[in-house]
Amino acid sequence: MHQKIAQEMNLSETAFIRKLHPTDNFTQSSCFGLRWFTPVSEVPLCGHATLASAAVLFHKIKNVNSTLTFVTLSGELRVRRGEDDIVLDFPLYPAHPQDFHEVEDLIKTAIGDTLVQDICYSPDTKNLLVRLSDTYNRSFLENLKVNTQNLLQVENTGKVKGLILTLKGESDGQARAFDFYSRYFAPWFGVAEDPVTGSAHTVLGSYWSQQLGKKNMHAFQCSHRGGELEISLRPDGRVDISGGAAIVLEGTLTA
């Protein structure tokens with residue numbers, strides 16, 4: 001039923017919150033079950049749907065707790081109220097150098113002859129991280145035409161389930177510059193392009209922290225919708241990812 005609802009919603013992910021015990025309630029309890037579904041399958045981790053779930057509990061249901069715990073396929077994830085945002089406490093996943101020739105067909109299919117500076121792979125998330133040349137700017141990444149239609153034929157081994165394109169940030173006259181940019185594609189999960197992807201930043205945070213020598217970063221996912229994220233690596237080896245949420249639609253499902 002969850003999968004059928006997600007298919008009908010036809011969004012990147014649809015989140016389902018559930019009570020863990022019969023005596024729980026959505027206003028007083030602080031621990032819930034959480035699952036995420038794309039239109040075609042369940043996924044092990046999703047950031048913006050977790051943020052949205054917390055936003056509904058905090059702002060719509062008026063949950064009294066300052067921190068919520070979600071029991072998920074990726075373990076227990078904690079979400080807390082920030083001053084002006086919501087903070088996700090997520091795992092931090094390392095990305096390891098990837099031989100270009102092993103993924104050359106995938107990259108060429110996706111972005112053609114676009115210059116690539118670095119390639120890494122995250123075995124925990126099955127995400128392939130492709131860093132574009134520093135000679136490119138944000139506008140180039142935003143306008144880059146990415147071919148996702150043929151990726152399932154090129155990569156069908158199950159090794160890669162998501163493609164992250166990322167680019168080093170730049171000072172462009174903004175009050176606060178972004179440390180890095182990204183776009184995320186997951187046609188293997190039925191999502192051609194995901195607009196804002198917290199789970200991808202569990203890999204991006206690890207990668208760019210090493211590249212930039214920073215623990216706190218300001219990121220922008222520059223898809224058509226796009227979104228800003230604050231990334232903070234924690235001493236315990238996890239990462240805080242924070243962002244804002246707005247409730248724009250409310251409805252009731254009927255049988």
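In this structure, E170 contributes its side chain and R138 its backbone to a donor-acceptor pair below 3.5 Å. No donor-acceptor pair closer than 3.5 Å links the side chain of R234 to the backbone N or O of D89. Side chain of Y93 to backbone of N127: no donor-acceptor contact under 3.5 angstrom is found. Looking at N147, its side chain does come within 3.5 Å of a backbone N or O of Q149 through a donor-acceptor pair. No donor-acceptor distance shorter than 3.5 angstrom exists from the side chain of T202 to the backbone of L92, with no hydrogens or angles considered. Side chain of S206 to main chain of V203: no donor-acceptor pair is present (N/O by atom type, distance under 3.5 Å, no hydrogens or angles). Of the possible donor and acceptor atoms, one in the side chain of Q3 sits under 3.5 Å from a partner among the backbone N and O of T38.
Checked against the 6.0 Å centroid criterion, the rings of Y121 and H96 do not qualify as a close aromatic pair.
Q211 places a side-chain heavy atom less than 4.5 Å from the side chain of D118. Side-chain contact between L77 and P91: present, with at least one pair of heavy atoms (C-beta onward) separated by less than 4.5 Å.
One finds a salt bridge joining E76 and R78 here, because a Lys/Arg side-chain nitrogen approaches an Asp/Glu carboxylate oxygen to under 4.0 Å. Ion pair R238/D236 not flagged as a salt bridge, since none of the NZ, NE, NH1 or NH2 atoms sits closer than 4.0 Å to an Asp/Glu carboxylate oxygen. Taking the charged nitrogens against the carboxylate oxygens, K108 and D113 do have a contact shorter than 4.0 Å, which makes a salt bridge.
In this pair, F220 and Y181 present their aromatic rings perpendicular. The plane angle is above 60°, beyond the 30 to 60° band. Note: F32 and F70 have tilted aromatic rings, judged against thresholds of 30 and 60 degrees for the angle between ring planes.
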Decide side chain to side chain contact (heavy atoms under 4.5 Å, CB included) for F189 and D194; before the verdict, give the C-alpha distance in whole Å, the side-chain angles of both, and the deciding distance to 0.1 Å.
CA-CA 11 Å; F189 285 114; D194 195 29; over 6 Å; no
Under the side-chain hydrogen bond (donor to acceptor under 3.5 Å, both in side chains) rule, what do T148 and E193 come out as? Steps first, then yes or no, please.
CA-CA 8 Å; T148 60; E193 180 169 4; over 6 Å; no
Could you please spell out the steps behind the side chain to side chain contact (heavy atoms under 4.5 Å, CB included) verdict for L51 and V79?
CA-CA 8 Å; L51 185 143; V79 183; over 6 Å; no
Go through it in stages, so that I can follow the logic: the residues are L144 and L132, the test is side chain to side chain contact (heavy atoms under 4.5 Å, CB included), and I'd like the CA-CA distance, side-chain angles, deciding distance and then a yes or no.
CA-CA 11 Å; L144 180 63; L132 304 185; 4.2 Å; yes
Would you please test L45 and T125 for side chain to side chain contact (heavy atoms under 4.5 Å, CB included) and show each step?
CA-CA 9 Å; L45 184 64; T125 65; 5.5 Å; no
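For the residue pair W36/T50, the side-chain donor-acceptor check at 3.5 Å is satisfied.
Other residues, nucleotides and ligands place no more than 12 heavy atoms under 6.0 Å from the NE2 atom of H224. Under a cut-off of 6.0 angstrom, the local environment of CG in N25 is crowded, with over 12 non-hydrogen atoms contributed by other residues, nucleotides or ligands.
Rounded to the nearest 0.5 Å, atoms CD (Q221) and CD1 (I164) are 9.0 Å apart.
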